[in-house]
Amino acid sequence: MDREQQILALIRQNPFISQHEMAGIIGISRSAVAGYIASLTKKGTIRGRAYVTSDEHMIYCIGGANLDSKATSKHAIRLASSNPVTVTESCGGVARNIAEALAGLACQTSLLTVVGDDKAGQWVLEETRRRGVDVSQAIVLNGENTGSYTALLDTSGEMFLAFANMDIYDKLSPAMLRDRWSHIAAAKLVIADTNLPSDTLEELIRRCQEESIPLFIDPVSSEKSKKLPTDLSGVTAIFPNLEEAIQLTDTPLSMNQDVIDMFYVEPDHSKIANTIRDRGVKHVFITLGSRGVHYAGEEGEHFFPPIPTQVVEVTGAGDAFLAGIVYGITQNHSYMKSCEFGLAAAHITLQTSQSTSSELNEERLQLTINTMTKGD
Ligand SMILES: Nc1ncnc2c1ncn2[C@@H]1O[C@H](COP(=O)(O)OP(=O)(O)OP(=O)(O)O)[C@@H](O)[C@H]1O
Ligand SMILES: O=c1[nH]cc([C@@H]2O[C@H](CO)[C@@H](O)[C@H]2O)c(=O)[nH]1
């Protein structure tokens with residue numbers, strides 16, 4: 001640990017520690033401590049002396065907040081034809097969905113995102129605030145359109161095709177992170193999605209590693225997962241679905257989901273997960289849709305079957321899974337044990353037409369787990 005990191009660690013332990021005390025502990029002069037503090041203040045890592053707020057319990061989510069529009073086809077989808085559908089609109093965006101799910105599970109949650117100065121942005125922020133997420137860090141950008149996600153779902157609620165109109169996230173710059181760094185660094189855990197531009201992701205991952213802040217990443221889609229830097233050693237846990245996981249291995253294995261489905265070729269989940277681990281990630285969860293989850297990480301390796309579910313529609317199942325894991329971790333469970341919470345949260349969310357479930361709360365989660373374990 002270098003001097004700045006030592007000083008930062010001491011301040012985290014005791015935000016009222018004096019320069020004199022720090023000098024004594026580290027074994028340098030008080031004026032040297034003052035120099036390091038001035039440098040940390042200049043970088044925005046320290047924002048002056050303050051009373052401790054409850055930020056230390058805060059889970060800080062950074063990324064997308066969208067308006068989701070989902071059209072469920074009433075019959076088998078026909079290409080180049082007019083398909084009768086039922087349309088549902090809801091709030092979406094990976095980081096936002098995770099923040100809302102966590103707030104439902106009684107976790108203190110803050111969301112850093114960008115929305116446009118349009119009706120959709122106003123609605124998304126207001127609804128998210130109403131569900132218990134702190135949206136005071138969110139930024140409204142004049143003249144921009146709020147991100148939108150438009151999906152066509154088949155009769156069983158599985159995604160057939162989706163469009164992501166999210167140019168606004170290119171504006172979520174590293175400078176925006178720096179401006180809010182004192183809040184981010186004070187959080188218990190940071191969750192980011194790959195709606196963020198690659199330079200913002202790169203800086204976030206590097207700083208979380210330097211400052212030992214746990215960081216969870218949702219890769220969002222195989223296309224957006226390409227924005228992640230090669231070195232992922234600042235990432236504590238990552239949650240790709242199989243297609244994203246294959247993309248993250250960046251090997252000739254890269255066949256897409258259609259090919260896998262068509263030829264019933266089941267790739268080696270363990271090999272894929274461990275190739276991702278080789279990039280520096282501590283815990284890898286590959287979500288496999290109706291086939292469950294493969295975990296590989298510091299606690300070993302395990303396959304978790306899914307909870308049998310009457311699916312209404314699949315949007316947001318992966319986000320709920322990640323939120324469930326975070327909930328388990330905040331309750332001091334292991335990553336393997338937390339998988340139960342993830343599976344239960346996904347199960348609850350799969351049973352609504354919204355991208356997040358208003359039914360997701362601690363009681364319902366525990367009830368789902370109890371039923372699941374009794375069924376063993
Ligand atoms: N049909 C299903 N039946 C039971 N469980 C399911 C089903 N689909 C998904 N799940 C559960 O939800 C988890 C996450 O689903 P999935 O792998 O589809 O995530 P995803 O592709 O990231 O989803 P999204 O991007 O829509 O949030 C799975 O690991 C599984 O536990
Ligand atoms: O590129 C993106 N596609 C989809 C989403 C969101 O994923 C959610 C489902 O996991 C859904 O709410 C959509 O808005 C996103 O944030 N970025």
Side-chain angles (χ1 to χ4, degrees), residues 61-70 88-101 111 113-115 120 124 127-128 146-151 153-154 156-159 161-170 172 191-197 217-227 238-247 257 269 285-295 303-325 339-357 368 372:
C61 302
I62 313 176
N66 299 329
L67 177 66
D68 284 1
S69 181
K70 287 161 288 185
T88 314
E89 281 203 336
S90 73
C91 292
V94 169
R96 197 216 66 86
N97 291 346
I98 296 167
E100 181 180 323
L111 176 67
T113 188
V114 285
V115 296
V124 166
E127 280 299 300
T128 307
T146 296
S148 73
Y149 173 76
T150 310
L153 309 169
D154 66 18
S156 56
E158 291 287 337
M159 192 229 285
L161 181 73
F163 302 98
N165 179 0
M166 301 180 194
D167 293 348
I168 189 167
Y169 301 125
D170 295 344
L172 229 165
I191 302 166
D193 70 34
T194 58
N195 287 308
L196 301 180
I217 297 275
D218 188 316
V220 178
S221 65
S222 46
E223 191 51 42
K224 288 192 171 172
S225 65
K226 292 180 193 164
K227 291 195 250 176
I238 196 160
F239 300 79
N241 64 21
L242 186 55
E243 200 185 349
E244 293 151 12
I246 290 170
Q247 178 62 55
Q257 190 62 49
H269 302 149
F285 292 87
I286 304 181
T287 65
L288 302 162
S290 59
R291 288 164 300 157
V293 177
H294 187 95
Y295 165 81
F303 167 74
F304 297 86
I307 305 176
T309 309
Q310 288 276 18
V311 176
V312 172
E313 65 107 335
V314 293
T315 318
D319 309 342
F321 176 78
L322 194 159
I325 300 277
C339 215
E340 275 181 19
F341 295 97
L343 293 170
H347 169 74
I348 295 165
T349 306
L350 285 161
Q351 294 169 77
T352 171
S353 61
Q354 311 283 298
S355 304
T356 45
S357 173
T368 307
M372 198 169 116

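Numbering of ligands and ligand atoms starts at 1, following listing order.
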>> Given a heavy-atom cut-off of 4.0 Å, could you list the residues near ligand 2 in chain and number order?
In response: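 Shell around ligand 2 (4.0 Å, heavy atoms): Asn66, Asp68, Gly92, Gly93, Val94, Asn97, Tyr149, Ala164, Met166, Asn195, Val220, Lys224, Thr315, Gly316, Asp319, Ser355.
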Supply the atom-to-atom distance [X] [atom1] to [Y] [atom2], rounded to the nearest 0.5 angstrom.
X	Y	atom1	atom2	answer
Asn97	Asp68	CG	CG	6.5 Å
Ile191	Ile325	CD1	CD1	11.0 Å
Asn66	Ser69	CG	OG	11.5 Å
Ser222	Glu244	OG	CD	6.5 Å
Leu172	Asp170	CG	CG	9.5 Å

Of all the atoms in ligand 1, which lie at a distance below 4.0 Å from a heavy atom belonging to [X]?
X	answer
Val314	26 (O)
Thr315	26 (O)
Pro306	4 (C), 5 (N)
Leu288	17 (O), 29 (O)
Val311	1 (N), 2 (C)
Val293	29 (O)

Quick test: of every protein heavy atom, which one is nearest to [atom], and how far off is it to 0.1 Å?
atom	result
atom 21 (O) of ligand 1	Asn241 ND2, 3.0 Å
atom 19 (O) of ligand 1	Thr287 OG1, 3.4 Å
atom 25 (O) of ligand 1	Asp319 OD1, 4.7 Å
atom 23 (O) of ligand 1	Gly318 N, 3.4 Å
atom 31 (O) of ligand 1	Leu343 CD2, 3.3 Å
atom 26 (O) of ligand 1	Gly316 N, 3.2 Å

> Which residue, Lys227, Arg96, Lys224, forms the side-chain hydrogen bond (donor to acceptor under 3.5 Å, both in side chains) with Asn195?
Replying inline: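 Only one option passes, and that is Lys224.
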> Relative to each other, are the rings of Phe239 and Phe321 parallel, tilted or perpendicular (30° and 60° limits)?
Replying inline: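 If you compare the ring of Phe239 with that of Phe321, the planes turn out perpendicular.
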No-hydrogen, no-angle side-chain donor-acceptor test under 3.5 Å, [X] and [Y]:
X	Y	answer
Ser355	Lys70	yes
Gln354	Thr352	no
Glu100	Thr356	yes
Tyr169	Asp193	no
His347	Thr309	yes

> Could a heavy atom of Ile307 be found less than 4.0 Å from some atom of ligand 1?
Replying inline: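 Within the 4.0 Å threshold, so yes.
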> For ligand 1, which part of Val94 has a heavy atom less than 4.0 Å away: the side chain, the backbone, both, or neither?
Replying inline: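 Neither part.
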> Which bit of Leu350 is near ligand 1, meaning a heavy atom under 4.0 Å away: side chain, backbone, both or neither?
Replying inline: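 Side chain only; the backbone of Leu350 stays clear of ligand 1.
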>> Checking Ser156 now: which residues fulfil side chain to side chain contact (heavy atoms under 4.5 Å, CB included) with it, not counting sequence neighbours?
In response: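 Once residues adjacent in sequence are excluded, the partners of Ser156 under the side chain to side chain contact (heavy atoms under 4.5 Å, CB included) criterion are Asp154, Glu158.
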> Do you know which two heavy atoms are closest between Gly316 and Thr349, and how far apart they sit?
Replying inline: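 So the two residues come closest at O-CG2, 4.0 Å.
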> Looking only at non-hydrogen atoms, which of Gly289, Ala317, Gly292, Ala346 approaches atom 30 (C) of ligand 1 most closely?
Replying inline: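 It is Gly289 whose heavy atom sits nearest to atom 30 (C) of ligand 1.
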